[in-house]
Amino acid sequence: FGLRGTVIPSVYQRYYKLPGGIYVTKVTASSEAFIKGIVAGDIITKMGETSVADITALEKLTAGFTPGQEVTLHLYRNGTESCITLIWMN
């Protein structure tokens with residue numbers, strides 16, 4: 001995938017009016033995530049139609065993916081939601 005993230009504490013979600021999800025802290029240059037335009041500061045709210053509220057949920061979800069599988073990420077950036085489709089490589 002080529003990114004790292006952390007959970008947004010609920011107090012920050014409420015204060016800054018952010019959705020729950022994984023806050024992207026780093027994107028590896030030349031990774032699929034980088035090529036598709038994901039940047040540090042994006043919030044991953046869903047993978048497919050499944051919400052990812054914490055790292056454990058994300059790990060459980062990605063454990064079922066196979067290399068070459070298309071994965072749709074639902075992102076929140078600067079008040080706007082969007083979707084990006086990536087090819088799972090791990």
Side-chain angles (χ1 to χ4, degrees):
F1 237 29
L3 57 85
R4 293 183 186 253
T6 190
V7 173
I8 304 169
S10 60
V11 67
Y12 291 149
Q13 289 176 30
R14 287 190 304 274
Y15 184 79
Y16 293 107
K17 297 180 174 114
L18 298 172
I22 306 298
Y23 181 84
V24 177
T25 57
K26 181 179 179 182
V27 180
T28 306
S30 76
S31 68
E32 178 79 358
F34 178 84
I35 291 166
K36 295 291 184 155
I38 297 174
V39 297
D42 286 348
I43 300 171
I44 301 170
T45 58
K46 292 182 184 179
M47 293 184 85
E49 294 305 315
T50 304
S51 295
V52 286
D54 57 43
I55 300 295
T56 302
L58 181 66
E59 289 173 346
K60 286 180 181 177
L61 187 59
T62 59
F65 294 160
T66 57
Q69 180 178 346
E70 287 190 351
V71 178
T72 300
L73 297 182
H74 296 254
L75 301 174
Y76 178 88
R77 179 190 297 167
N78 299 326
T80 303
E81 295 184 34
S82 62
C83 295
I84 295 177
T85 301
L86 305 175
I87 305 297
W88 185 252
M89 300 300 229
N90 293 0

Give the table of side-chain donor-acceptor pairs shorter than 3.5 Å for residues 17-25, with sequence neighbours excluded, one pair per line with atom names and distance.
{"residue": "Thr25", "atom": "OG1", "partner": "Arg4", "partner atom": "O", "Å": "3.3"}

Kindly state each residue pair satisfying salt bridge (Lys or Arg N to Asp or Glu O under 4.0 Å) with at least one member in residues 23-39, sequence neighbours excluded.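 For residues 23-39, and leaving out neighbouring residues, there are no salt bridge (Lys or Arg N to Asp or Glu O under 4.0 Å) pairs at all.
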
Restricting to non-hydrogen atoms, name the atom on Thr28 and the atom on Phe34 that form the minimum distance, rounded to 0.1 Å.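 Taking every non-hydrogen atom into account, O-CB, 3.2 Å.
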
Hphob cluster co-occupancy, [X] + [Y], side-chain heavy atoms under 4.5 angstrom:
X	Y	value
Trp88	Val27	yes
Val11	Val7	no
Ile84	Phe65	yes

Enter the distance from Cys83:SG to Leu75:CG here, rounded to the nearest 0.5 Å.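 Here the rounded value is 7.5 Å.
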
Side-chain donor/acceptor pairs under 3.5 Å, residues 38-63, sequence neighbours excluded:
{"residue": "Asp42", "atom": "OD1", "partner": "Arg77", "partner atom": "NE", "Å": "2.5"}
{"residue": "Asp42", "atom": "OD1", "partner": "Arg77", "partner atom": "NH2", "Å": "3.4"}
{"residue": "Asp42", "atom": "OD2", "partner": "Val39", "partner atom": "N", "Å": "3.0"}
{"residue": "Asp42", "atom": "OD2", "partner": "Arg77", "partner atom": "NH2", "Å": "2.7"}
{"residue": "Thr45", "atom": "OG1", "partner": "His74", "partner atom": "O", "Å": "3.2"}
{"residue": "Asp54", "atom": "OD1", "partner": "Thr56", "partner atom": "N", "Å": "3.2"}
{"residue": "Asp54", "atom": "OD1", "partner": "Ala57", "partner atom": "N", "Å": "2.7"}
{"residue": "Thr62", "atom": "OG1", "partner": "Leu58", "partner atom": "O", "Å": "3.1"}
{"residue": "Thr62", "atom": "OG1", "partner": "Glu59", "partner atom": "O", "Å": "3.2"}

Taking Gln13 for its side chain and Ile8 for its backbone only, find out whether a donor-acceptor pair lies under 3.5 Å.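 Yes; judged by distance alone, with no hydrogens or angles, the pair exists.
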
